[in-house]
Number of protein chains: 2
Amino acid sequence: MGCKIEEFQQEQKKRMRAVQDSMDTLNGKWKISIISSICCYKKRRFSDILNDIEGISNRMLSKELKELEINKLVKRTVLDTQPITVQYELTEHGDTLQTIISNLTDWGILHRNKIVGK
Amino acid sequence: MGCKIEEFQQEQKKRMRAVQDSMDTLNGKWKISIISSICCYKKRRFSDILNDIEGISNRMLSKELKELEINKLVKRTVLDTQPITVQYELTEHGDTLQTIISNLTDWGILHRNKIVGK
DNA sequence: AATAACAGTAACATAGAGGTAACCAAGTAA
DNA sequence: TTACTTGGTTACCTCTATGTTACTGTTATT
């Protein structure tokens, strides 16, 4: 039968795994920029995002978008236009990231002040 | 003179940089585990952390601790014992991470349920 | 005299993240 | 006819993060 300490350690392991899950989904040099770009305009085409984010290549954008789609954060829609355009938008689940991103923003500012020394 | 759109874009860039600052300080395969270990016991020695985290090597622990120290999240104290022991604890600044880690935990659980499908 | 604990460091190896450049197919404007 | 736009894919290369193993110096224990 599990004693209190074992239970606590199990809980702790679960929490660690959860944090790592979050970090993994947000990781990749461009993910947060991409999410922000889409979020900012609600709906955004591939080439628009490519222009929004300076420095990103089409290869990386394609790759990161795929991962975001797999993680159900972003929805991809092919529009029947000429030439074909593809629209990306956040899913409901993607929207739930906003609190986290907002917290990361706040802490990042705090941290920079602390390190650089205002 | 900057128009509204330019100002907005500048703000957006700052926010992006802030998020990346946060992600960068938390990145590294073991950082969050290390922070959690120290946080859990308030004060923790090198070899204790090494035992707390399964899979980490002394090389990586040393390296990650250094980065955490540079980022003023962790304080290192050499104790005058035999043999010498080194104590690590969170700084006040390190403590401010708790909200973020807690948010990342919550979202990670939510996300896993969404992806695995409960 | 040999071994172990402590807190690391040094040397080397490898997988994977990310960068660069070229290419594809379909349609369209010059 | 040529070149451009759109949304990618493919091949190749490099660099960094991490892993593995062995080693350091000091003191205490056996």
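The sequence lines fix the lettering, A, B, ..., with proteins before strands; numbering per chain opens at 1.
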Engineer: With respect to the phosphate group of dT9(C), does any side-chain polar atom (N or O) of Lys66(B) fall under 4.0 Å of OP1 or OP2?
Structural biologist: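 For Lys66(B), the contact criterion (side-chain N or O under 4.0 Å from OP1 or OP2 of dT9(C)) is met.
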Engineer: Say whether, by atom type as modelled, one donor and one acceptor occur between the side chain of Asp48(B) and the main chain of Arg44(B) under 3.5 angstrom.
Structural biologist: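 Absent.
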Engineer: So does Glu67(A) pair up with Lys31(A), basic N to acidic O under 4.0 Å?
Structural biologist: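 Answer for the salt bridge query: yes.
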Engineer: Is the phosphate of dG8(C), meaning OP1 or OP2, less than 4.0 Å from a side-chain N or O of Lys63(B)?
Structural biologist: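 No, no such contact exists.
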Engineer: Regarding dG7(D), can its base be found pairing with the side chain of Asn58(A) as donor and acceptor, where the two atoms are less than 3.5 Å apart?
Structural biologist: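 Between dG7(D) and Asn58(A), which were checked side chain against base, a qualifying N/O pair under 3.5 Å is absent.
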Engineer: Nearest whole angstrom, please: distance from the C1' of dG16(C) to the CG of Asn27(A).
Structural biologist: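 So the CG-C1' distance, Asn27(A) to dG16(C), works out to 13 Å.
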Engineer: What contact category does Ser47(B) fall into here, base, sugar-phosphate, or nothing, at under 4.0 angstrom with non-hydrogen atoms?
Structural biologist: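 Touches sugar-phosphate only.
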Engineer: State whether the side chain of Ser37(A) and the backbone N or O of Ser33(A) hold a donor-acceptor pair below 3.5 Å, judged by distance alone.
Structural biologist: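 Checking the backbone N and O of Ser33(A) against the side chain of Ser37(A), no donor-acceptor pair under 3.5 Å is found.
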Engineer: Is a donor from one side chain sitting under 3.5 angstrom from an acceptor on the other, for Arg15(B) and Gln12(B)?
Structural biologist: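 A pair is found: one side chain offers a donor N or O, the other an acceptor, under 3.5 Å apart.
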Engineer: Just how far, in rounded Å, is C1' of dC6(C) from CG of Leu65(B)?
Structural biologist: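 After rounding, the reported distance stands at 14 Å.
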Engineer: Could you check how far CG of Leu61(A) sits from C1' of dG8(D), rounded to whole Å?
Structural biologist: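 Rounded to whole Å, this separation is 10 Å.
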Engineer: Assess whether a salt bridge exists between Lys13(B) and Glu54(A), defined as any Lys/Arg side-chain N lying under 4.0 Å from an Asp/Glu carboxylate O.
Structural biologist: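 Judged by the 4.0 Å cut-off on N to carboxylate O distance, Lys13(B) and Glu54(A) do form a salt bridge.
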Engineer: Quick one: Phe46(A) CZ to dC24(C) P, roughly how many Å, whole number?
Structural biologist: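 The answer, rounded to whole Å, is 18 Å.
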Engineer: Quick one: Asp24(B) CG to dG18(C) P, roughly how many Å, whole number?
Structural biologist: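 In whole Å, dG18(C) P and Asp24(B) CG are 11 Å from each other.
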Engineer: Using whole Å, what does the distance between atom P of nucleotide dT27(D) and atom CG of Asp80(B) come to?
Structural biologist: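 From Asp80(B) CG to dT27(D) P: 11 Å.
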Engineer: Could you say whether Gln87(A) or Gly55(B) is positioned toward the 5' end of DNA chain D, judged by the nucleotide with the nearest heavy atom to each?
Structural biologist: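 The residue closer to the strand's 5' end, by nearest nucleotide, is Gln87(A).
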Engineer: Looking at the side chain of Ser62(A), which of dT6(D), dT9(D), dA7(C) is the nearest nucleotide?
Structural biologist: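 The listed nucleotide nearest to Ser62(A)'s side chain is dT9(D).
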Engineer: Could a donor-acceptor pair under 3.5 angstrom be found where the side chain of Arg59(B) meets the base of dG19(D)?
Structural biologist: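 Donor-acceptor pair under 3.5 Å: yes.
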Engineer: Kindly point out which of dT20(D), dG8(C), dT5(D) is positioned nearest to the side chain of Pro83(A)?
Structural biologist: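 Among the listed nucleotides, the one closest to the side chain of Pro83(A) is dT5(D).
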Engineer: Describe the nucleic acid contact of Ser57(A) in one word from base, sugar-phosphate, nothing, applying a heavy-atom distance below 4.0 Å.
Structural biologist: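 Base contact - Ser57(A) has a heavy atom under 4.0 Å of at least one base atom.
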Engineer: Is the distance from OP1 or OP2 of dG8(C) to the nearest side-chain N or O of Arg76(B) less than 4.0 Å?
Structural biologist: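 It does, given that an N or O in the side chain of Arg76(B) lies less than 4.0 Å from OP1 or OP2 of dG8(C).
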Engineer: Roughly how many Å is it from CD1 in Ile84(A) to P in dC24(C), rounded to a whole number?
Structural biologist: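 In whole Å, dC24(C) P lies 19 Å from Ile84(A) CD1.
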Engineer: Arg44(B) CZ to dC6(C) C1': how many Å, rounded?
Structural biologist: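 So the CZ-C1' distance, Arg44(B) to dC6(C), works out to 15 Å.
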Engineer: Of the candidate nucleotides dG19(D), dC6(C), dG27(C), which contains the atom at the shortest distance from the side chain of Gln82(A)?
Structural biologist: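 Given the options dG19(D), dC6(C), dG27(C), the side chain of Gln82(A) is closest to dG27(C).
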